[in-house]
Participant: 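Encoded as structure tokens, here's the structure I'll be asking about.
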Amino acid sequence: MTSYLVLFLAGFAGSFHCVGMCGGFACALGRHPHGPGTTVARHLLYNSGRLSSYCFLGALAGALGQVICTSGDLAVTSSLDGSINLAQRILAIVAGLLMIVIALQFFGLLRGLHRVTAGIGGSLIAATLRKVLHAPGSAAPLAFGVFNGFLPCPLVYAFLAQATSTAGALSGFLTMVAFGLGTFPAMLMMGGIGGALGPLARRRGVWLAGSFILLLGLMTLGRGVLPVSLLHGDHLI
């Protein structure tokens, strides 16, 4: 349970990055002329759509991790500890290293890699988002959020790496639930009051998000490298 609380807090810290990357979409959804109740409902649908995409990707990533850990020559017991097989350790090491790389991007390093990862498929999805935004009907905000959830984003990549390392569809799903719920407050705030957060607050939030991701990355990496006895039997993932 503690691990999901940490993931929620990491998502909350990372939501300042969401404000910079996706806050414009929430602002574009805007306030509805039919009143504040309709506006709140539209933004709840939008954010629920984002969350559903994150959950789908998390379950998929966790299932992929499970397949890797239960099939092939890697599904053998590690000599470091009998409770974790070799595939789980390799998966934890890869996921941990990926999260550390993404955290460094949040600190302003590896900018070239950031441009590559952020640009994969982004133009096509952004064009689709613009069309959905202007579509009539109450389902449009939900669809808008679903498509938004598939936008290339280093923050989402980091938590998907964490979901993969859990080696289970349910645990991967819950990982992204915790992360996604953490992003709700900032995105709802953006829908209500627009760009109230100044550049300095956003920049500090991005550094805070990077710190959380770096911590999670190091703990995930440690799960792959260290014997479980040194981790006091407390699994982060």
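Residue numbers count from 1 along this sequence. Keep in mind that the numbers below use all heavy atoms, side chains included, and drop hydrogens, waters and symmetry copies.
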Participant: Among side-chain atoms of Arg42 and Tyr46, is any donor-acceptor pair under 3.5 angstrom?
Facilitator: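 Result is no, nothing qualifies.
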Participant: Do you know which two heavy atoms are closest between Ser211 and Phe107, and how far apart they sit?
Facilitator: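 That would be N-CZ, 3.6 Å.
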Participant: Going by heavy atoms in the side chains, are Tyr4 and Val177 under 4.5 Å from each other?
Facilitator: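 No, too far: nothing below the 4.5 Å cut-off.
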Participant: How long is the straight-line distance from CD of Gln66 back to CG of Leu170, given to the nearest 0.5 Å?
Facilitator: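 Those atoms lie 10.0 Å apart.
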Participant: Below 4.5 Å, heavy atoms only, C-beta onward: do Arg50 and Thr183 meet side chain to side chain?
Facilitator: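 Result yes, sub-4.5 Å side-chain heavy-atom pair found.
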Participant: For Asn47 and His43, indicate whether the former's side chain and the latter's backbone hold a donor-acceptor pair under 3.5 Å.
Facilitator: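 Yes; judged by distance alone, with no hydrogens or angles, the pair exists.
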Participant: Is Val146 reachable from Leu45 through a run of hydrophobic residues whose side-chain heavy atoms are each under 4.5 Å from the next?
Facilitator: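 In one cluster with Leu45: Val146, no.
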Participant: Near Phe12 CZ, under 6.0 Å, is it more than 12 heavy atoms from other residues, nucleotides or ligands?
Facilitator: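 Incorrect, the count does not exceed 12.
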Participant: Measure the shortest side-chain to side-chain distance between Phe150 and Phe56 over non-hydrogen atoms and say whether it is less than 4.5 angstrom.
Facilitator: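 Phe150 vs Phe56: side chains touch.
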Participant: Hey, are the side chains of Val225 and Arg89 touching, using non-hydrogen atoms and a 4.5 Å cut-off?
Facilitator: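 Counting from C-beta outward, Val225 and Arg89 never come under 4.5 Å.
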Participant: Can you give the donor-acceptor pairs under 3.5 Å from side chains of residues 92-103 to other protein atoms, not counting sequence neighbours?
Facilitator:
none

Participant: Just checking Phe8 against Phe179, ring centres under 6.0 Å apart?
Facilitator: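 No: the rings miss the under 6.0 Å criterion.
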Participant: Leu181, Leu142: one ILVMFWY side-chain cluster at the under-4.5 Å cut-off?
Facilitator: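 Each belongs to a different hydrophobic cluster.
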Participant: To the closest 0.5 Å, what do you measure between CZ (Phe159) and CG (Leu57)?
Facilitator: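 Phe159 atom CZ to Leu57 atom CG measures 14.0 Å (nearest 0.5 Å).
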Participant: If you look at every heavy atom in Ala167 and Ser171, which pair is closest and at what distance?
Facilitator: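 Heavy atoms only, the tightest pair is C-OG, 4.5 Å.
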Participant: Sequence neighbours excluded, which residues qualify as side-chain hydrogen bond (donor to acceptor under 3.5 Å, both in side chains) partners of Ser53?
Facilitator: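 Here no residue qualifies.
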Participant: What's the shortest heavy-atom distance between Gly180 and Leu51, and which atoms?
Facilitator: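 That closest heavy-atom pairing would be CA-CD1, 3.7 Å.
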Participant: To the nearest 0.5 Å, what is the distance between CZ (Phe184) and CG (Leu44)?
Facilitator: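 It comes to 7.0 Å.
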Participant: Please give me the minimum heavy-atom distance between Leu216 and Ala10, naming the atom from each residue.
Facilitator: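 Smallest interatomic distance, heavy atoms only, reads CD1-CB, 4.0 Å.
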Participant: Locate the shortest heavy-atom distance separating Ala178 from Leu7; write the atom from each residue and the value.
Facilitator: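 Minimum heavy-atom contact is CB-CB, 3.9 Å.
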Participant: Which pair of heavy atoms, one from Ala158 and one from Ile213, lies closest together, and at what distance?
Facilitator: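 The pair with the smallest heavy-atom distance is CB-CG2, 3.9 Å.
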Participant: Sequence neighbours left out, what passes side-chain contact (heavy atoms from CB on, under 4.5 Å) with Ala61? Give chain and number order.
Facilitator: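 Counting only residues at least two positions away or on another chain, Ala61 forms a side-chain contact (heavy atoms from CB on, under 4.5 Å) with Leu160, Ala163, Thr164.
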